[in-house]
Number of protein chains: 2
Amino acid sequence: MATIRDVSKIAGVSVATVSRTLSKPDKVSEKTRKLVNDAIKQTNYKPDILARNFRTRKSSTIVVLVPDIANPFFSRVIRGIEQTAQRLGYAVLLGDTQGLREREITYANMVYTSQADGIIQLDCHIPFEDKNDCTSPIVNACDCVRGSNMPTVQLDNVAAAKEMAKHIISLGHTDIGIISGPENSTITNDRLRGFKQSLEEAGLSYNPANRMFGDYSLPSGAMAASDLLSKPIPPTAIMCMNDEMAIGAIRQAKKMGFSVPDDISVTGFDDISFAEFFDPPLTTISQPAEEFGSNAMEMLFDLINNKEPESKNILLPFNLVIRESTGNKK
Amino acid sequence: MATIRDVSKIAGVSVATVSRTLSKPDKVSEKTRKLVNDAIKQTNYKPDILARNFRTRKSSTIVVLVPDIANPFFSRVIRGIEQTAQRLGYAVLLGDTQGLREREITYANMVYTSQADGIIQLDCHIPFEDKNDCTSPIVNACDCVRGSNMPTVQLDNVAAAKEMAKHIISLGHTDIGIISGPENSTITNDRLRGFKQSLEEAGLSYNPANRMFGDYSLPSGAMAASDLLSKPIPPTAIMCMNDEMAIGAIRQAKKMGFSVPDDISVTGFDDISFAEFFDPPLTTISQPAEEFGSNAMEMLFDLINNKEPESKNILLPFNLVIRESTGNKK
DNA sequence: ACAAAAAATGTAATCAATTACATTTTAATT
DNA sequence: AATTAAAATGTAATTGATTACATTTTTTGT
C-alpha cells in the first residue's frame with residue numbers, strides 16, 4: 001500500500017503538499033496539483049483513514065443502538081440513518097442490543113474509546129453506567145427516555161393514540177381491549193395516556209383488566225388476543241401498540257372464529273409494509289420511519305460539531321390510516 | 001481523557017508495562033499488575049481504540065453490504081452477523097447499498113483505507129472496480145456470484161426450489177406460474193433451475209409465458225399475480241421466489257375473487273415471521289437466516305486471520321414448510 | 001554465594017496522516 | 001528595481017498506543 005510519503009517522493013513535493021492537495025486543493029498551485037494527482041494515480045494511493053482518524057481525533061463513525069434490527073419499523077429508521085450518515089460523511093456501526101443494558105453500555109463506550117463520534121439510541125434507556133456521563137453526543141429516536149434531557153426525535157404518541165381511540169369510539173365501540181408494549185416503555189405509556197384521554201372525552205371509563213402486555217412480536221399479539229377474546233364478554237375492539245401485535249391478534253381472532261372487523265375491530269401502529277397487504281388491511285397509524293433516522297442523524301451531526309441544533313426535541317407528524325380492520329360495532 | 005502515559009506515571013511504571021498489563025497480564029508480576037489496575041481505575045482510563053487500531057494496522061471492524069436492510073430476511077442475516085462479530089471482537093459497519101454498484105464500491109474501499117478488515121456481501125455482485133482486486137477478505141452470503149472464487153455461504157437453492165415444485169406438482173397442478181426475482185440474480189436462476197427440474201421429472205414442460213419478474217417486494221408480487229391471473233386460463237398454482245411476493249400475490253388473488261388455496265395455490269420462500277401469521281399461512285421454504293450471518297462471519301474471521309476456513313463453500317439446510325396456502329388442484 | 005537462566009520492566013521507535021509555523025517563491029505596488 | 005504582500009511549499013512535531021530490543025531484577029541450580 002502506497003503512503004503519502006511515496007506519493008510525495010514521486011511527485012517531488014513534501015507530504016504536506018500532498019495532504020493539502022487532497023484536503024484543500026485551492027491552496028495548491030495548479031502545476032503541483034497536477035504533479036501530485038498524477039503521482040496518486042500512478043501509485044494508486046488511498047489515504048489511510050485509520051491514520052487520519054487517529055491524527056484528527058475523530059472517527060467519522062456513529063453507533064446506532066437498536067433493540068432488534070429485525071423489527072421492520074426499526075430497520076426503516078436505520079435505513080434513514082444510514083442514508084443521511086453517508087451524505088454527511090459518516091459510517092454507521094450497528095449495535096443490536098436486544099434491549100440488554102450491558103450491551104448498550106458496551107456499544108456506548110465506543111464513544112469514549114474514540115471508535116465513534118456519537119450515538120443514536122432507538123431504545124428508551126440511557127446507555128451509560130453513570131447517568132451523568134450523558135455528555136457525549138447522543139440522540140434518542142422513536143422511544144425516548146422520560147425525564148432526561150437527551151435530545152429526541154419522536155412522534156406525538158399521546159395525540160396519535162388519542163386519535164386512534166377516537167376513531168374506534170366513533171364506530172360505537174365501548175368495550176375496548178388494549179395490547180400494549182412492555183410497562184417500562186415510554187411510547188407504551190404515552191399511547192396508553194392518549195387512549196385514556198379519548199375514553200374520558202367520550203365519557204367512558206378505563207378498565208385495566210382490558211390491558212394485556214406484549215413485546216411487540218407477532219406471537220405476543222396472538223397470545224394477548226387469546227386472553228382478551230376468551231373473556232365471558234370479550235371486547236368488540238382491540239387497539240394494539242404496533243402492527244405486528246395487531247397482525248398476531250387478528251390471526252388469533254380468526255382462529256377462534258371471530259370475524260374481523262365484523263365481530264371485532266383491530267388496530268395497529270407504525271404502518272409497516274405488511275399492514276396494507278394483510279387480510280383485512282390494517283387500520284393503523286403511519287409514521288415517517290426514515291425521517292426519524294434522518295432527523296436523528298442530522299441532529300447528531302450538529303451535536304458532534306458543536307453546532308446548536310435547530311431543535312432538540314423534534315416531533316414528527318403521524319397519520320391515521322383507516323383500512324378495513326375496523327368497522328362499526330354490530 | 002486519560003492516556004496510557006497518565007496511567008504509567010501514577011502507577012510509577014513504564015507505558016510498556018501498562019500496555020502489557022492490559023494485553024498480556026500474565027507477563028506482569030502480581031504486584032505491578034495491582035499498581036497498574038489501581039491507576040487505571042483512579043484515572044478511569046480507557047484505551048484509545050483508534051490509536052490501537054492505527055498502531056496494530058487493523059480496525060477490528062467489518063463491513064456488511066446489504067441491498068436493503070428493511071428486507072426481513074436480510075435483517076435476520078445481519079442479526080446473525082452482528083452477534084457473531086461481537087463474540088469475535090468485531091464491530092459491524094452497515095452498508096445499505098440499494099444494490100447500487102457505486103455504493104458497493106465505496107463501502108468495499110473501506111478495506112483499502114483500513115477502515116475495515118473484511119467484507120460480507122449479501123448481494124450477488126463483486127464489489128470491486130477491478131475484479132482482480134478481490135484479494136481482500138470477503139465472504140458472499142445468501143446470493144452468490146456465479147463463477148467467482150469468492151467464498152460463500154449459501155442455500156442449495158436448486159434443491160429447495162425443486163422440492164417446492166415437487167410439492168406443488170404432487171398436488172395435481174400442471175399449469176404453474178412463477179414470480180421470480182430479477183434476471184441477474186443467482187438465487188433466482190438457481191431456483192428457476194430447480195423448478196424446471198421438477199417439471200421435467202414430472203413430464204411437464206416449462207412455459208416461459210408463465211414467468212413474471214418481481215423485485216422481491218410486496219407490491220411487485222401483487223402486480224405479477226395480477227398479470228398471471230388475468231390470463232384467459234390462469235395457472236392453478238404460483239410459486240414465488242420469496243415470501244413478500246407471495247403475500248402480495250395472495251392479496252391480489254383474493255382481491256380478484258380467487259380463493260387461496262381452493263382456486264389457486266401460492267408458495268413463498270424464506271419463511272419470514274409473517275408467513276406463519278398470514279391468512280392463509282404460507283407454504284414456504286424455511287432458511288436458517290441467522291446462521292447465514294454467523295457462518296459468514298466465522299469464515300470471514302478465518303480469512304482475516306489467515307487461517308484456512310474449514311470450508312469455503314458452506315451449504316446450509318432448508319426445510320419445506322407446508323402450511324395452508326397450497327392445496328389439491330380442484 | 002555465585003553463575004546462568006528466566007522473568008519483569010523500561011526505552012524508544014513506529015504506525016501514516018495532519019498542521020502550526022517557517023521558509024521560499026511569486027505577484028503587486030510604488 | 002526595490003519593497004511589500006500574498007501565495008505556495010516545506011519542516012518537523014504531533015496523535016496514543018504497541019512492541020522489538022535492551023536492561024534490570026528475580027529465581028534456580030550447584
Side-chain angles (χ1 to χ4, degrees), chain A residues 1-40 43-61 89 91 109-117, chain B residues 1-40 43-61 89 91 109-117:
Chain A
M1 271 280 87
T3 72
I4 198 169
R5 235 155 279 273
D6 300 329
V7 176
S8 80
K9 258 178 226 153
I10 290 182
V13 299
S14 73
V15 290
T17 302
V18 178
S19 179
R20 269 189 295 257
T21 308
L22 254 32
S23 55
K24 317 179 180 91
D26 51 311
K27 295 274 172 197
V28 177
S29 77
E30 206 185 317
K31 206 175 57 187
T32 30
R33 212 186 312 152
K34 188 174 169 349
L35 236 49
V36 172
N37 283 328
D38 285 354
I40 287 178
T43 54
N44 191 28
Y45 167 72
K46 298 234 167 35
D48 184 322
I49 305 292
L50 222 49
R52 172 186 293 169
N53 288 350
F54 170 56
R55 171 60 228 243
T56 58
R57 309 272 62 222
K58 48 186 172 180
S59 60
S60 295
T61 299
N109 268 334
M110 290 185 154
V111 174
Y112 291 115
T113 58
S114 40
Q115 268 186 110
D117 298 338
Chain B
M1 274 278 89
T3 72
I4 199 170
R5 237 155 277 272
D6 301 328
V7 176
S8 81
K9 257 178 227 155
I10 290 182
V13 299
S14 72
V15 290
T17 302
V18 177
S19 179
R20 269 190 294 257
T21 308
L22 255 32
S23 56
K24 316 179 179 89
D26 53 311
K27 295 274 171 196
V28 177
S29 76
E30 206 185 317
K31 207 176 57 185
T32 31
R33 213 186 309 153
K34 190 178 169 343
L35 235 48
V36 172
N37 283 327
D38 286 353
I40 287 178
T43 53
N44 191 29
Y45 167 71
K46 299 233 165 38
D48 186 319
I49 305 292
L50 222 50
R52 172 185 294 168
N53 288 349
F54 169 57
R55 173 60 228 242
T56 58
R57 308 273 67 222
K58 49 186 169 179
S59 60
S60 295
T61 299
N109 268 333
M110 289 184 155
V111 174
Y112 290 114
T113 58
S114 38
Q115 269 185 110
D117 299 337

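Protein chains get the first letters and strands the later ones, always in sequence-line order, with residue 1 at the start of each. Quick note: numbers below take in every heavy atom, side chains included, and nothing from hydrogens, waters or symmetry partners.
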Which nucleotide wins on minimum distance to the side chain of B:R57, given the candidates C:dA16, D:dT11, C:dT11?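 My answer, after comparing the listed nucleotides, is C:dA16.
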
Could you identify which residues of residues 6-13 of chain B place a heavy atom less than 4.0 Å from some atom of DNA chain D, listed by residue number, or say none?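 Listed by number, there are none.
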
Nucleotide by nucleotide, nucleotides 18-27 of chain D touches protein heavy atoms under 4.0 Å in the pattern (B base, S sugar-phosphate only, - none) BB--------

Roughly how far, to the nearest 0.5 Å, is the OG1 atom of A:T56 from the CD1 atom of A:I49?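 The distance works out to 9.5 Å.
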
Report the end-to-end axis angle of the helix from C:dA1-D:dT30 to C:dT30-D:dA1; each axis comes from five terminal pairs, and the value is rounded to 10°.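 Both end axes considered, the difference amounts to 30°.
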
Please tabulate, one pair per line, all N/O donor-acceptor pairs under 3.5 Å involving side-chain atoms of residues 17-24 of chain A, not counting sequence neighbours.
residue, atom, partner, partner atom, Å
A:T17, OG1, A:S14, OG, 3.2
A:T21, OG1, A:T17, O, 2.6
A:S23, OG, A:S19, O, 3.0

Can you check whether A:T32 has a side-chain N or O nearer than 4.0 Å to OP1 or OP2 of D:dT9?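 For D:dT9, OP1 or OP2 has a side-chain N or O of A:T32 closer than 4.0 Å.
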
[X]: what forms a side chain to side chain donor-acceptor pair (under 3.5 Å) with it, not counting sequence neighbours?
X: B:K27; value: none
X: A:T32; value: A:S29
X: B:K9; value: none
X: B:D26; value: none

Salt bridge (Lys or Arg N to Asp or Glu O under 4.0 Å) pairs, two or more places apart, involving residues 45-55 of chain B: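 Sorted pair list: A:R57-B:D48.
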
Where do A:N53 and A:S59 come nearest, in terms of heavy atoms and distance?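 The answer is ND2-O, 3.4 Å.
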
What closest approach, in Å, do B:A39 and B:I10 show between heavy atoms, and which atom pair accounts for it?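 Taking B:A39 first and B:I10 second, the nearest heavy atoms are CB-CG2, 3.8 Å.
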
Output the rounded distance in Å from CG (A:L35) to C1' (D:dA8).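 My rounded result for the distance is 14 Å.
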
